A.B. asks: 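After the structure tokens below, expect a handful of questions from me.
These numbers were taken from a predicted model, which means no experiment stands behind them. In what follows, residues are counted from 1 in the order of the sequence shown. Both backbone and side-chain heavy atoms feed into the values below; hydrogens, waters and symmetry mates do not.
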Amino acid sequence: MHPAFIFQTWTLLSSGAALAFTGSSYSQKNARVKIQSNRLMVLQDPQMTEEKADWWVDYNFEHSGVAQQVRPDFEILSTTKIGDSQKPLVYLDSAATSQIPKQVIDEISFHSSKRNANVHRGAHTLSRNATTAYEGARDTIAAFVNANSRNEIVFTSGATEGLNLVASSYGRSTLKPGDEIVITEMEHHSNIVPWQIIAKETGAKLRYANIDFEKGEIDMDQFISLFNEKTKIVAFQHVSNVLGCCNPVKDLVEQIRTKSPDAVTVLDACQAVPHMKVDVQDLGVDFMVFSGHKMCGPSGIGVLWGKEDLLNSMPPYMGGGEMIDQVTMEESTFAPAPARFEAGTPPITQAVGLGAAVKYLESVGMDKVQAYEAEIGGYLHKRLSQVDRVHVLGPPVGTKRSALCAFYVDGVHPSDLGTFLDMEGVALRAGHHCCQPLHEAKGISHSARASLYIYNTKEYVGWP
């Protein structure tokens with residue numbers, strides 16, 4: 001029997017086992033467990049009919065072929081066993097880091113064993129081959145997000161560095177006292193802390209929009225009301241890594257252009273680029289960041305996309321080799337983007353791996369990725385919302401959202417739940433997910449989060 005996530009969660013809560021660490025007690029009078037036709041069914045309300053409770057039994061996904069196609073490429077999912085009882089792995093932490101397919105691992109291994117060398121500076125064959133692979137990855141990624149030019153793709157160590165780069169280089173060079181930066185309460189810390197630092201340095205004012213927890217999204221009216229002629233930077237997520245809501249980027253950009261014509265827009269697309277087709281020209285933003293390790297690529301690599309004229313107007317983020325034009329003992333001049341922001345030896349192997357990951361996702365088809373995740377994500381949300389005492393954050397059931405569910409359980413600390421589920425082979429995340437302001441606004445300290453990707457299947461997510 002597969003250690004399905006919702007099955008294990010429901011079983012733990014029904015038995016009261018998950019409360020052992022907290023010392024709480026739980027009455028089972030509102031939960032009944034039935035074994036029927038080799039299926040475990042938990043009826044959270046004694047009045048609930050079995051017909052209503054087991055809607056999931058014959059529920060099929062139109063695009064289930066996506067997971068069937070790709071799952072064999074992820075060896076870790078079939079070979080990893082957890083604990084003394086050797087439970088098969090149910091990996092539900094892809095919003096933090098996705099697994100890497102064999103094709104990407106092979107490309108990384110090939111590069112490391114066959115063409116390992118520094119890029120750009122060498123005249124020898126290995127260096128030329130490494131440069132071709134590295135710059136080829138830039139071309140692949142530029143096409144993937146529909147950049148105007150390959151020069152708009154800056155390789156970074158991750159999205160966090162990309163956001164810090166924009167805040168430090170663009171923000172420090174343009175902001176002055178009285179200017180305003182607008183963010184939201186749902187942001188990841190990497191899209192809050194850099195703006196706090198730069199606002200303090202420059203005298204700019206940091207403003208933020210609140211979350212409408214009833215709708216599970218930004219309070220859009222309030223957000224838009226913050227845009228004015230003083231607004232110089234607006235930074236926000238495409239998809240929330242806690243709420244799972246998908247923000248209307250194009251509509252927001254139009255509002256910003258109208259109300260704050262001098263403002264630039266900075267988009268955190270870490271939870272969007274791996275899961276849907278993202279077209280920077282269509283969205284109309286000025287900067288966008290995303291990370292490789294969330295989209296079938298290696299860690300230690302991310303991308304800052306920025307409009308080429310903006311990038312070339314910005315001072316360097318770091319100094320060193322590669323990013324220069326001419327250096328004398330008196331002064332230095334700098335190369336245009338992207339080299340201007342890639343000082344020193346870049347993450348060559350990681351960039352090659354990210355390029356391979358993009359090609360892998362393109363071979364699956366981003367339309368298929370998005371369609372399948374909408375199905376399995378909706379299934380997870382509906383099933384999880386039916387578990388007694390479980391409260392799922394974000395938009396309500398039946399509303400468009402990403403394939404992740406952050407949730408909390410009455411009387412159970414998320415870390416305790418995560419520990420018990422790990423014993424059953426289920427890997428999810430417990431904590432504040434680098435979103436402490438969001439959790440504080442909700443009045444909770446932590447939540448658990450189950451996040452899906454293309455390799456997750458119904459039997460591993462929902463029920464045996």
A.B. asks: Below 30° counts as parallel, above 60° as perpendicular, anything between as tilted: where do the rings of H439 and H433 land?
C.D. replies: tilted
A.B. asks: Can you tell me which residue among H111, K114, R115 is in a side chain to side chain contact (heavy atoms under 4.5 Å, CB included) with N129?
C.D. replies: R115
A.B. asks: Take atom OH in Y208; do more than 12 heavy atoms of anything else shown fall under 6.0 Å from it?
C.D. replies: no
A.B. asks: Is there a donor-acceptor contact under 3.5 Å linking the side chains of N241 and Q271?
C.D. replies: no
A.B. asks: With heavy-atom distances below 4.5 Å as the criterion, would you say the side chains of H238 and L283 are in contact?
C.D. replies: yes
A.B. asks: To the nearest 0.5 Å, what is the distance between CD1 on I218 and SG on C245?
C.D. replies: 6.5 Å
A.B. asks: Please check: side-chain N/O of T399 versus main-chain N/O of P396, any donor-acceptor pairing under 3.5 Å?
C.D. replies: yes
A.B. asks: Measure across A96 and R449 and return the closest heavy-atom pair with its distance rounded to 0.1 Å.
C.D. replies: N-NH2, 3.5 Å
A.B. asks: I want to check something: taking the side chain as every heavy atom from C-beta on, are Y170 and V266 in contact at a cut-off of under 4.5 Å?
C.D. replies: no
A.B. asks: So with a 6.0 Å cut-off around NZ of K205, is the heavy-atom count from everything else above 12?
C.D. replies: no
A.B. asks: Is the closest side-chain heavy-atom distance between Y453 and H275 below 4.5 Å?
C.D. replies: yes
A.B. asks: Can you check side-chain contact (heavy atoms from CB on, under 4.5 Å) on R207 and E180, steps first, answer last?
C.D. replies: CA-CA 7 Å; R207 308 182 72 189; E180 294 182 354; 3.3 Å; yes
A.B. asks: How far apart are the closest heavy atoms of L89 and A427, and which atoms are they?
C.D. replies: CD1-CB, 4.1 Å
A.B. asks: Has the side chain of T131 got a donor or acceptor atom that lies under 3.5 Å from a matching backbone atom of H120?
C.D. replies: yes
A.B. asks: Can you tell me how far OG of S299 sits from CD1 of I100, rounded to the nearest 0.5 angstrom?
C.D. replies: 7.0 Å
A.B. asks: Is there side-chain contact between W305 and I141, with at least one heavy-atom pair below 4.5 Å?
C.D. replies: no
A.B. asks: Looking at every non-hydrogen atom in both residues, tell me the closest pair between P298 and L354 and how far apart they are.
C.D. replies: CD-N, 3.7 Å
A.B. asks: For residues 284-299, which residue pairs pass the salt bridge (Lys or Arg N to Asp or Glu O under 4.0 Å) check, not counting sequence neighbours?
C.D. replies: R257-D286, D286-K307
A.B. asks: May I ask you to test the Y360-V70 pair for a side-chain heavy-atom distance under 4.5 Å?
C.D. replies: yes
A.B. asks: Is there a donor-acceptor pair under 3.5 Å between the side chain of Q281 and the backbone N or O of N146?
C.D. replies: yes
A.B. asks: Pair M295, V358 - check side-chain contact (heavy atoms from CB on, under 4.5 Å), show working.
C.D. replies: CA-CA 8 Å; M295 52 186 295; V358 167; 3.8 Å; yes
A.B. asks: N247 versus M186: any side-chain heavy-atom pair under 4.5 Å?
C.D. replies: yes
A.B. asks: Has the side chain of S260 got a donor or acceptor atom that lies under 3.5 Å from a matching backbone atom of D262?
C.D. replies: no
A.B. asks: Can you tell me how far OG1 of T160 sits from CG of D268, rounded to the nearest 0.5 angstrom?
C.D. replies: 8.5 Å
A.B. asks: Any ion pair linking R138 and E135 (charged N to carboxylate O, less than 4.0 Å)?
C.D. replies: yes
A.B. asks: Are any side-chain N or O atoms of H124 and backbone N or O atoms of S127, one a donor and one an acceptor, separated by less than 3.5 Å?
C.D. replies: yes
A.B. asks: Please give me the minimum heavy-atom distance between V239 and C246, naming the atom from each residue.
C.D. replies: CG2-SG, 4.0 Å
A.B. asks: Compare every heavy atom of V90 with every heavy atom of Y460, then report the nearest pair and how far apart it is.
C.D. replies: O-CG1, 3.1 Å
A.B. asks: Would you give the length of the straight line joining atom CG of N164 to atom CH2 of W195, rounded to the nearest 0.5 angstrom?
C.D. replies: 9.0 Å
A.B. asks: Please report the interatomic distance NZ(K232) to CG(D179), rounded to the nearest 0.5 Å.
C.D. replies: 5.0 Å
A.B. asks: Counting distance only, does the side-chain N/O of S291 pair as donor-acceptor with the main-chain N or O of H293 below 3.5 Å?
C.D. replies: no
A.B. asks: I'd like to check I454 versus E373 (side-chain heavy atoms, cut-off strictly below 4.5 Å). Are they in contact?
C.D. replies: yes
A.B. asks: For the pair I256 and V182, evaluate side-chain contact (heavy atoms from CB on, under 4.5 Å) and give the outcome as yes or no after the intermediate values.
C.D. replies: CA-CA 11 Å; I256 294 165; V182 178; over 6 Å; no
A.B. asks: I'd like to know if E375 pairs up with K368 as an ion pair, taking the criterion as any Lys NZ or Arg NE/NH1/NH2 lying under 4.0 Å from an Asp or Glu carboxylate oxygen.
C.D. replies: no
A.B. asks: Under a 4.0 Å threshold between the charged nitrogen and the carboxylate oxygen, would K250 count as salt-bridged to D282?
C.D. replies: yes
A.B. asks: Is there a side-chain contact between F341 and L304 (heavy atoms, below 4.5 Å)?
C.D. replies: no
A.B. asks: Is there a donor in the side chain of T184 and an acceptor in the side chain of E187, or the other way round, less than 3.5 Å apart?
C.D. replies: yes
A.B. asks: State, to 0.1 Å, how close N148 and E152 come at their nearest heavy-atom pair, and which atoms those are.
C.D. replies: N-OE1, 2.9 Å
A.B. asks: Between S168 (side chain) and L165 (backbone), is there a donor-acceptor pair under 3.5 Å?
C.D. replies: no
A.B. asks: Quiz question: by atom type and distance under 3.5 Å, do the side chains of Y455 and S94 form a donor-acceptor pair?
C.D. replies: yes
A.B. asks: Parallel, tilted or perpendicular for H189 and H432, by the 30°/60° rule?
C.D. replies: tilted
A.B. asks: Can you confirm whether E440 is buried at CD, in the sense that more than 12 heavy atoms of other residues, nucleotides or ligands lie under 6.0 Å from that atom?
C.D. replies: no
A.B. asks: Could you tell me whether a side-chain N or O of S112 sits under 3.5 Å from a main-chain N or O of S109, the two making a donor and an acceptor?
C.D. replies: no
A.B. asks: What's the separation between atom CD in Q99 and atom OH in Y91, rounded to the nearest 0.5 Å?
C.D. replies: 5.0 Å
A.B. asks: Can you tell me which residue pairs pass the salt bridge (Lys or Arg N to Asp or Glu O under 4.0 Å) test with a partner in residues 62-72, sequence neighbours excluded?
C.D. replies: none
A.B. asks: Should we count CD of E75 as having more than 12 external heavy atoms under 6.0 Å?
C.D. replies: no
A.B. asks: Give a yes or no answer on whether the side chain of R150 reaches the backbone of I153 with a donor-acceptor pair at less than 3.5 Å.
C.D. replies: no
A.B. asks: Y134 vs F155 aromatic rings, parallel, tilted or perpendicular, using cut-offs 30° and 60°?
C.D. replies: tilted
A.B. asks: Apply the test side-chain contact (heavy atoms from CB on, under 4.5 Å) to residues Q68 and T457: give CA-CA distance (whole Å), side-chain angles for both, the deciding distance (0.1 Å), then the verdict.
C.D. replies: CA-CA 8 Å; Q68 295 170 4; T457 60; 5.9 Å; no
A.B. asks: For the backbone of I181 and the side chain of K230, can you confirm whether one donor and one acceptor N or O come within less than 3.5 Å of each other?
C.D. replies: no
